Amino acid sequence: MKITVLIENTSTFQELEYEHGLSLFIEHNERNILFDMGQTDAFIRNSRKMGVNLSSVHAAVLSHGHYDHGGGIKPFLAVNSKAPIYLSNECKGGFYNNAGKFIGLDKELFDIERMLYTYGDTEICSGITVKALKNVPVKHKENACGLTEYKNGVFVPDAFKHEQYLIIEENGKRILFSGCAHRSILNIMDAFSPDIFIGGLHLSKIDTEGNGREYLVNVAKELSKYNTKYYVCHCTGQKQYDILKEYLGNSIKYISTGSIVEI
């Protein structure tokens, strides 16, 4: 399996664009999967520079209904004429950040025929499955960070029912892809215990001093209990990652725009 980071918050390559967003191109057993589509069409321009042919994508998966993961859906549809996009039926909600800014998806997307709504676990093909949020019980506190959903005329805390995960099984290994891990990386690890985790940890808003540092250290210690290799990015946060690295060592690596992971 080969995973190419088409867009992420950072880049170590001067010729590649970066933005607050995420898009991963996954090559697995002659099938190409696109996981998330960034905030804009920057991931498409990067794909051309990296020699990634997005018209070859067989299926796309949207991790959740936020603009920084689904803002590039329309541009993707323009360069790929066949791939269905798997997204949770809950993605149609009105999602806002803690400053009251709308961070949901373009409503024009919802009636497009190639949008395939998931209502539970959905098998894309043998060994590739979209896993629903209901698989992840809340044993540890979630990292909502003030995110809300506008429902029935009022703002309520986002329950993240629109979040889903991608699991690919290859050579006896389970690789888990998560966009932001809003349900908490600890809950997600409890539920799936993958051999490899790839995605954001939603820790960037956690203070790296005082109680915040204590929380991050606890997360790192809990993650170290699993025999898992972590490739993290996007909403993890650079300073927060540095703290995790202190405790996880070679078990964790930050991936940025242009990074390639081969499994």
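Predicted model only: the values in this text are computed from it and were never measured.
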Option among F192, F35, F177 that satisfies the ring pair (Phe, Tyr, Trp, His ring centres under 6.0 Å) test with Y165
F192
Would the distance check show the side chain of T148 and the main-chain N or O of F155 forming a donor-acceptor pair, the cut-off being under 3.5 Å?
no
List the steps, then state whether side-chain contact (heavy atoms from CB on, under 4.5 Å) holds for L6 with T4.
CA-CA 6 Å; L6 298 181; T4 302; 4.1 Å; yes
Donor-acceptor contact below 3.5 Å, side chain R174 vs main chain I168:
no
Measure from NZ or CZ of K245 to the centre of the six-membered ring of Y254, then state whether that distance is under 6.0 Å and the direction lies within 45° of the axis.
no
Which heavy atom of F43 sits nearest a heavy atom of S23, and at what distance?
CD1-OG, 3.6 Å
Answer yes or no for K229 and Y231: cation-pi contact, defined as NZ/CZ to six-membered ring centre under 6.0 Å and angle to ring axis within 45°.
yes
If you define the side chain from C-beta out and look only at heavy atoms, does anything of V79 sit under 4.5 Å from S55?
no
To the nearest 0.5 Å, what is the distance between CD1 (I206) and CD1 (I243)?
10.5 Å
Which atom names give the shortest non-hydrogen contact between A159 and L133, and what distance separates them?
O-CD2, 3.9 Å
Ring-plane angle category for F197 and Y230, please: parallel below 30°, perpendicular beyond 60°, tilted otherwise.
tilted
Using the rule that Ile, Leu, Val, Met, Phe, Trp and Tyr join whenever any side-chain heavy atoms are under 4.5 Å apart, tell me whether Y18 and L22 fall into a single cluster.
no
Worked check of side-chain contact (heavy atoms from CB on, under 4.5 Å) between I85 and L116:
CA-CA 6 Å; I85 298 176; L116 297 187; over 6 Å; no
Could you check H182 against H66 for ring-ring contact (aromatic ring centres under 6.0 Å, His included), going step by step and ending with a plain yes or no?
CA-CA 11 Å; H182 293 108; H66 286 167; 5.2 Å; yes
Take a 6.0 Å sphere around NZ of K253 and say whether it holds more than 12 heavy atoms from other residues, nucleotides or ligands.
no
What's the separation between atom OG in S193 and atom CG in N227, rounded to the nearest 0.5 Å?
10.5 Å
Kindly determine whether T228 and M189 satisfy side-chain contact (heavy atoms from CB on, under 4.5 Å), including the steps that lead there.
CA-CA 9 Å; T228 299; M189 290 300 297; 3.4 Å; yes
Straight-line distance of E17 CD to D41 CG, nearest 0.5 Å
7.5 Å
Atom SG in C125, atom CD1 in I33: separation rounded to 0.5 Å?
6.0 Å
Tell me yes or no: between the side chains of N135 and R183, is some donor less than 3.5 Å from an acceptor?
no
As an exercise, state the distance from OG1 of T257 to CZ of F13, rounded to the nearest 0.5 Å.
9.5 Å
Taking C-beta and beyond as the side chain, do V219 and L223 meet within less than 4.5 Å on heavy atoms?
yes
Does the cation-pi check pass for K134 over Y119, that is, NZ or CZ under 6.0 Å from the six-membered ring centre and within 45° of its axis?
no
Looking only at heavy atoms, what is the nearest atom pair of H140 and D190, with distance?
NE2-OD2, 3.0 Å
Kindly work out whether a path of hydrophobic side-chain contacts (I/L/V/M/F/W/Y, heavy atoms less than 4.5 Å apart) joins L248 to Y241.
yes
Residue pair I128 / E123, side-chain heavy-atom distance below 4.5 Å:
no
Do E170 and H28 have side-chain atoms, one donor and one acceptor, less than 3.5 Å apart?
yes
When rounded to the nearest 0.5 angstrom, what is the spacing between CG in L186 and CG in N218?
7.0 Å
Only one of C233, S259, S256 passes side-chain contact (heavy atoms from CB on, under 4.5 Å) with T10; say which it is.
S256
Please tell me whether E19 and T40 have a donor and an acceptor in their side chains that are separated by less than 3.5 angstrom.
yes
Would you kindly say whether E163 and S88 are connected by a side-chain donor-acceptor distance under 3.5 Å?
no
Say whether V57 and L62 are linked into one hydrophobic cluster, either directly or through other cluster members, by side-chain heavy-atom distances under 4.5 angstrom.
yes
Would you sort out whether H202 and H234 count as a ring-ring contact (aromatic ring centres under 6.0 Å, His included), showing the intermediate values?
CA-CA 8 Å; H202 208 248; H234 182 45; 8.6 Å; no
Is it true that F102 and F95 have ring centroids separated by less than 6.0 Å?
no
Check: H20 main-chain N/O paired with N9 side-chain donor or acceptor under 3.5 Å
no
Would K161 and E149 satisfy salt bridge (Lys or Arg N to Asp or Glu O under 4.0 Å), going step by step from the backbone distance to the final call?
CA-CA 11 Å; K161 291 181 179 179; E149 182 177 2; over 6 Å; no
Check step by step if salt bridge (Lys or Arg N to Asp or Glu O under 4.0 Å) holds for R45 and E15.
CA-CA 10 Å; R45 292 191 292 274; E15 68 272 21; over 6 Å; no
Do Y117 and E90 come within less than 4.5 Å of each other through their side chains, counting heavy atoms only?
no
For residues H58 and N32, is any side-chain donor paired with an opposing acceptor at under 3.5 Å?
no
N-O pairing of D106 and K74 below 4.0 Å
yes
Hydrophobic clustering (ILVMFWY, side-chain heavy atoms < 4.5 Å, transitive) - are I188 and V138 grouped together?
no
So, D195 versus Y226: side-chain donor-acceptor pair below 3.5 Å or not?
no
Does R31 offer a backbone N or O that forms a donor-acceptor pair with the side chain of N29 under 3.5 Å?
no
Just so I know, are the side chains of L87 and I73 near enough to count as touching, which here means a heavy-atom distance under 4.5 Å?
no
Kindly indicate, with the supporting measurements, whether the criterion salt bridge (Lys or Arg N to Asp or Glu O under 4.0 Å) is fulfilled by K131 and D121.
CA-CA 5 Å; K131 302 293 286 186; D121 293 356; 2.9 Å; yes
Work out which heavy atom in Y247 is nearest to a heavy atom in K221; give both atom names and the distance.
CE2-CE, 3.9 Å
Under a 3.5 Å cutoff, is there a donor and acceptor pairing between the side chains of D36 and H64?
no
Between the side chain of H69 and the main-chain N/O of G38, is any donor-acceptor distance below 3.5 Å?
no
Same apolar cluster: L34 and L24, side chain cutoff 4.5 Å:
no
Can you find a pair of side-chain heavy atoms, one from I124 and one from V61, that are under 4.5 Å apart?
yes
Quick one, R213 with Y215, criterion side-chain contact (heavy atoms from CB on, under 4.5 Å). Give me CA distance, side-chain angles, the key distance, then yes/no.
CA-CA 5 Å; R213 180 180 176 85; Y215 174 81; over 6 Å; no
Can you name the closest pair of heavy atoms from A60 and F76 and give their distance?
CB-CE2, 4.1 Å
Quick check: closest heavy atoms across A191 and P137, and the distance to 0.1 Å?
CB-CD, 4.4 Å
Quick one, V261 and V5 - any side-chain contact, counting heavy atoms below 4.5 Å?
no
Considering only heavy atoms from C-beta outward, does the side chain of E214 approach that of V217 to under 4.5 Å?
no
State whether the side chain of T236 and the backbone N or O of L201 hold a donor-acceptor pair below 3.5 Å, judged by distance alone.
yes
